[in-house]
2 protein chains.
Amino acid sequence: MARPQAFNTTEALHQAMNVFWHKGYEATSMADLLAATGLSKSSLYAAFGGKRELFVAAFDAYREAREREMRRMLAHRPAREAIEGFFRKIVLDAGDGDPSRGCMSINQAVEMAPRDPEIRGRVLQDFTLIEEALAEAIARGQAEGSVGDAYDARHLARLLVLAFPGLQIMVRAGSDRARLDDSLNSLLFMLDRDH
Amino acid sequence: MARPQAFNTTEALHQAMNVFWHKGYEATSMADLLAATGLSKSSLYAAFGGKRELFVAAFDAYREAREREMRRMLAHRPAREAIEGFFRKIVLDAGDGDPSRGCMSINQAVEMAPRDPEIRGRVLQDFTLIEEALAEAIARGQAEGSVGDAYDARHLARLLVLAFPGLQIMVRAGSDRARLDDSLNSLLFMLDRDH
DNA sequence: GCTATTCTGGACCAATCGGTCCCCAACTGC
DNA sequence: GCAGTTGGGGACCGATTGGTCCAGAATAGC
């Protein structure tokens, strides 16, 4: 054993992830990734393989982080507030910091999923993951009375899962805040008790 | 005046549009466009300018065609059926023919809109276009009694506009038909009279 | 301090990118 | 049929793409 690695692998992965999140796969060049991570070409190739492998690793890191975050937010009580918080965070992230990134899974549903089965599988899995988590939260909310029970939980969950990419895409396309809030409120209204 | 153009310009534009629709902007090479249109390089450049100009022209052609189609479908009566038809067509297009294309405006909301103001403007305009058309159809449906009036038209329109990208993206990501239908039914249920 | 091993900067690669240009063929108007 | 003009095939361009490789620097174990 000799000469330890001079960079933090997970940190480099995180920075690569951010570039891919912003620019997507095709529009990101190795030069971009080198600049973002600060690594030299040989180091990056040695650590991650090629561009595609790096992308997949970055995507998986993203998905894991986001899933954890979703579960954390949806665990709050009452469930109605938890769900609202989950969706409000999407539009909050829009204004915060640099231009809109949206959700990387949604972005990849557009870019890679149609032609790359490996990515497609991950994207589809993310959809079911979100639906299950939301359905669970809604059921809990209905049991405790914070969410209206005019519609059954699965039904509402499907509606929210359908709206999720909608919000993410409006964010990424740069919709203004007022419009995002309007849409969001229309959506959350469905969770209310009466009607 | 001499030697007439040997190709149909709008036809070539249409074929270019299809490539861009499938692959997006970055992933489409000039070689792809040449192959799809059957033109030679000089002809294509003379007729449309560069790749970007061709893309914008193709995108505009797409948007115009789709807007016309939307208005035609939403004009049907009763309004409830018109709206249902509009959304059902999205999932019908999925199975029909080659792998999923989704909606080019939604795809571009992800790919180009964040970094290209000209495209962003068009995408945002498309969102309002759809919302207005839906709001109008919903109001008509409520007046004639085919759409429930538990929620006001603007409210419902926002919900549908939010769900529109959701469906398009599920289609593009290759969701199976059963899931698409489930989501669609959950959405359309919101239009019903009772509740 | 020596040696063995690992890491890293950057030269180098072929392929492909979008784009330009020239020259000949084709066609219209007379 | 001739003159004049325009269209189009394809050679060519520099820049950039993702990727390989090697020589030398750095460091651990002894």
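Chain A is the first sequence line, chain B the second, and so forth, proteins listed ahead of strands; every chain is numbered from 1.
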J.: A/L33 CG to D/dT16 C1': how many Å, rounded?
T.: 15 Å
J.: Measure CG/B/L39 against C1'/D/dG10 and give the value in whole Å, please.
T.: 14 Å
J.: Would one find a side-chain N or O of A/S29 under 4.0 angstrom from OP1 or OP2 of D/dT17?
T.: yes
J.: Between D/dC22, D/dG10, C/dG19, which nucleotide gets closest to the side-chain atoms of A/S42?
T.: D/dC22
J.: Is there a side-chain polar atom (N or O) of A/S43 under 4.0 Å from OP1 or OP2 of C/dT8?
T.: yes
J.: Indicate whether OP1 or OP2 belonging to C/dT8 is found under 4.0 Å from a side-chain N or O atom of A/S40.
T.: no
J.: Quickly work out the B/F55 CZ to C/dG19 P distance and round it to whole Å.
T.: 14 Å
J.: Starting from P on C/dC17, measure out to CD on B/E26 and report it in whole angstrom.
T.: 12 Å
J.: B/F20 ring centre to B/K51 NZ or CZ under 6.0 Å, with the angle to the axis within 45°?
T.: no
J.: Going by the rule side-chain hydrogen bond (donor to acceptor under 3.5 Å, both in side chains), which residues pair with A/R52 if we only count those two or more places apart in sequence or in a different chain?
T.: A/D116, A/E118
J.: When you compare the side chain of B/L159 with that of B/Y151, does any pair of heavy atoms fall below 4.5 Å?
T.: no
J.: Select one nucleotide: of D/dG18, C/dG18, D/dG7, the one nearest the side-chain heavy atoms of A/M30.
T.: D/dG18
J.: Is the shortest side-chain N/O distance from A/K51 to OP1 or OP2 of D/dG18 below 4.0 Å?
T.: yes
J.: Verify, without hydrogens or angle tests, whether A/E111 (side chain) and A/Y25 (backbone) share a donor-acceptor contact under 3.5 angstrom.
T.: yes
J.: Take atom OH of B/Y45 and atom C1' of D/dG7, then tell me their distance rounded to the nearest Å.
T.: 17 Å
J.: Out of C/dC17, D/dG7, D/dG19, which has the shortest distance to the side chain of B/A31?
T.: C/dC17
J.: Using atom NZ of B/K41 as one end and atom C1' of C/dC22 as the other, report the distance to the nearest whole Å.
T.: 15 Å
J.: Can you check the B/Q5 CD to D/dT5 C1' distance for me, whole Å?
T.: 15 Å
J.: When you measure from the centre of the six-membered ring of B/F86, is the NZ or CZ of B/R88 closer than 6.0 Å and no more than 45° off the axis?
T.: no
